[in-house]
Amino acid sequence: MTLFSAASLRSPRMRTRAHVVPIVLGGTAAACAVALVAYLLWPTWGSGGANAPDKLPVSVGGTLFNLPVTAIRMKIQRHSGPQERIDLDFLYPSLEPPGAPRHVTSDTAEAALQSIDRIFLSIAAHHDALSPEQRTTTIYPRYLDQSAAMPSDGLTMRMFRTDTPYGGEDLYSAASPALTARCTRDAATPGMCLAERRVGGADLTFRFPRSWLSQWRDVAEAMERLTAQLRGPRG
């Protein structure tokens, strides 16, 4: 009778323990599962973008380019895939992508405008528009001043007539290395030059200070190197 009473007193406690153990084990297993899922789904990138690619594959007009991210001027254009147009700039003469923008104050703004240390490049789909070469041979001659032009150091300058769409500009051309550039004249702001070339389905438009034409061969070769280094793999 005593043994039966003792067993009866222990039974509820043992039954409670028997229920608690599975609950504890189940809770532990659930916590482990949650921890595993959180570990697998937790973002692996840092806030500083340390794992961001140095270059982006971008298709313009169906032509592939590998573009340095820091050379792309507009944040909205900093993504891979097809784009209609993309704008870049590179330090000259190194052709390296520029670093972080320098802070310009009212005291340094004028100096920053007067001293341009980079070459600007726009890449845009041409959609079968007239090529730069065709404009040079068929359009520009209609608007040029007919006075004779003498080459200087291998570079020839022709003036556009003032009553034409290109009034106030001059056309520079050279054969070796090849260079064709339309340049505004120095005025309140320094003159700028525009040189174009076609690559596949895209037109590349380079812009640089007119003053650089004093070393025009270096500029022509820089544009050639830049074009080659931005091209993607070709089949």
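Remark: side-chain polar atoms of Arg210 are paired, donor with acceptor, to backbone N or O of Thr184 under 3.5 angstrom. Checked by atom type and distance alone, the side chain of Arg73 never pairs as donor or acceptor with a backbone atom of Asp89 at under 3.5 Å. Judged by distance alone, the side chain of Arg182 and the main-chain N or O of Glu169 form no donor-acceptor pair under 3.5 Å. Between the side chain of Asp145 and the main chain of Ser147, a donor-acceptor pair closer than 3.5 Å is present. With Gln229 contributing its side chain and Thr227 its backbone, the two residues share no donor-acceptor pair below 3.5 Å. Judged purely by atom type and a 3.5 angstrom limit, His126 uses its side chain to pair as donor or acceptor with the backbone of Gly200. Using modelled atom types, one side-chain atom of Gln83 and one backbone atom of His79 make a donor-acceptor pair closer than 3.5 Å. In this structure, the side chain of Trp216 does not engage the main chain of Gly154 through any donor-acceptor pair within 3.5 Å.
Residue Cys183 holds its SG atom at 9.5 Å from CE of Met192, rounded to the nearest 0.5 Å. Here the CZ atom belonging to Phe206 is positioned 8.5 Å from the CD atom belonging to Glu224, to the nearest 0.5 angstrom. A distance of 7.5 Å separates CD1 of Ile86 from CG of Leu56, quoted to the nearest 0.5 Å. Atom OG of residue Ser94 and atom CD1 of residue Ile119 lie 11.0 Å apart, to the nearest 0.5 angstrom. Interatomic distance, Thr156 OG1 to Met150 CE, rounded to the nearest 0.5 Å: 9.0 Å. Atom CD of Glu196 sits about 4.5 Å away from atom CZ of Arg135, to the nearest 0.5 Å.
Between the side chains of Arg85 and Ser122, at least one donor-acceptor pair of N or O atoms lies under 3.5 Å. No donor-acceptor contact under 3.5 angstrom links the side chains of Arg158 and Tyr140, judged on distance only.
Using a 4.5 Å cut-off on side-chain heavy atoms (C-beta onward), Cys193 and Leu213 make contact. For the pair Leu204 and Leu226, the minimum side-chain heavy-atom distance is 4.5 Å or more. Between Val58 and Gln77, every side-chain heavy-atom pair lies at or beyond the 4.5 Å cut-off. Proximity of Phe90 to Glu96: side-chain heavy atoms (C-beta onward) are nowhere separated by under 4.5 Å.
In the hydrophobic clustering of ILVMFWY residues, with side-chain heavy atoms under 4.5 Å counting as a link, Leu67 and Leu95 come out together. Under a hydrophobic clustering in which Ile, Leu, Val, Met, Phe, Trp and Tyr are joined whenever their side-chain heavy atoms come within less than 4.5 Å, directly or via other members, Leu144 and Ile139 fall into the same cluster. When hydrophobic clusters are built by joining Ile, Leu, Val, Met, Phe, Trp and Tyr residues whose side-chain heavy atoms come closer than 4.5 Å, directly or via intermediates, Met159 is not grouped with Leu171.
Around the CG atom of Asp163, the shell of radius 6.0 Å holds more than 12 heavy atoms that belong to other residues, nucleotides or ligands. In this structure, Leu130 places its CG atom where more than 12 heavy-atom neighbours from other residues, nucleotides or ligands lie under 6.0 Å away.
Of all non-hydrogen atoms in Pro98 and Arg118, the two that sit nearest each other are CB-NH1, 3.5 Å. Scanning both residues, Leu179 and Ala220, for their nearest heavy atoms gives CB-CB, 4.2 Å. When every heavy atom of Ala174 is checked against every heavy atom of Leu155, the shortest pair comes out as CB-CD1, 3.9 Å. Across all non-hydrogen atoms, the minimal contact from Tyr166 to Tyr143 is CE1-CD1, 3.6 Å. In terms of heavy atoms, Gly201 sits closest to Thr63 at N-OG1, 2.8 Å. Of all heavy-atom pairs spanning Ala202 and Ile123, the tightest one is CB-CG2, 3.9 Å.
When the options Phe120, Phe208, Trp212 are evaluated for a ring pair (Phe, Tyr, Trp, His ring centres under 6.0 Å) with Tyr92, the one that passes is Trp212.
Note on Arg198 versus Asp203: salt bridge recorded, some NZ/NE/NH1/NH2 to OD/OE distance being below 4.0 Å.
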